[in-house]
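Here the structure comes first, spelled out in structure tokens, and everything after it is commentary.
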Amino acid sequence: MNTGSDHGAQGAAAGGNAEDTTAGTAETAAPPAHGAEGAEEAPHVSKAPDFIKARRTLHLSWQVGVFVVGLAVIGAGVAMLVLPGPGWVAIFAGLAIWATEFAWASLVLRWTKRKVTEAAHKALDPKVRRRNIVLTAVGLAVAAVLVGFYLWKYGMTLPWHINDQ
């Protein structure tokens with residue numbers, strides 16, 4: 001795929017001046033004037049190197065490899081949801097790996113980023129923050145009462161060493 005940026009370099013090598021070169025690349029590399037909507041409508045382009053995209057079987061093998069690697073990372077992320085580790089980070093990383101090759105993954109990743117950003121802005125709302133602080137304080141108070149009751153009743157004895165049931 002030619003973006004037109006190498007035309008300016010050829011023009012400069014052929015004797016054109018540098019001002020003509022930068023004007024040519026600036027026009028061809030300019031984003032669409034439609035704003036954010038124009039960027040979302042742009043077709044998805046594979047991030048594979050050009051020599052891989054030039055051969056159909058090699059490109060298909062590349063896509064299978066990207067899919068398998070992304071699936072492995074997402075699988076590890078799902079496992080880390082119940083095991084120690086950053087599960088959601090790994091799941092989003094696997095989705096980002098898929099988004100380098102697959103348009104549907106790119107759309108899902110864009111939607112996820114938008115929802116996470118909305119949730120972050122909502123969490124910064126003063127009313128929501130106040131509610132979260134109150135709920136955390138109540139939870140900590142309940143936990144402190146339960147731990148205090150346990151220590152009053154059984155002392156420093158671990159639960160599996162209690163014999164007076």
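Remark: K127 NZ to N132 CG distance equals 14.0 Å, nearest 0.5 Å. Here the straight-line distance linking atom CG of L58 with atom CD of Q63 works out to 11.0 Å at 0.5 Å rounding. Taking CZ of F67 as the start and CD of E101 as the end, the distance is 12.5 Å to the nearest 0.5 Å. Here the CZ atom belonging to R114 is positioned 8.5 Å from the CZ atom belonging to R110, to the nearest 0.5 angstrom. In this structure, the separation between OG1 on T100 and CG on L95 is 10.5 Å, given to the nearest 0.5 Å. Interatomic distance, CG of L60 versus CZ of R55, reported as 15.0 Å (0.5 Å rounding).
Using a 4.5 Å cut-off between side-chain heavy atoms of Ile, Leu, Val, Met, Phe, Trp and Tyr, with links allowed through other members, V78 and W88 fall into the same hydrophobic cluster. W152 and M156 sit in two unconnected hydrophobic clusters of ILVMFWY residues. Membership requires side-chain heavy atoms under 4.5 Å apart, directly or through other members. Both W104 and W62 sit in one connected hydrophobic cluster of ILVMFWY residues. Membership requires side-chain heavy atoms under 4.5 Å apart, directly or through other members.
When the options I97, V73, T112, I74 are evaluated for a side chain to side chain contact (heavy atoms under 4.5 Å, CB included) with F92, the one that passes is T112. Put simply, the residue from V69, L109, L71 that forms a side chain to side chain contact (heavy atoms under 4.5 Å, CB included) with W98 is L71.
Remark: W111 CH2 is loosely packed, at most 12 non-hydrogen atoms of other residues, nucleotides or ligands lying under 6.0 Å away.
Contact record, G87 with M80: CA-CB, 3.6 Å, taken as the closest heavy-atom pair. The shortest heavy-atom contact between G77 and A90 is CA-CB, 3.5 Å.
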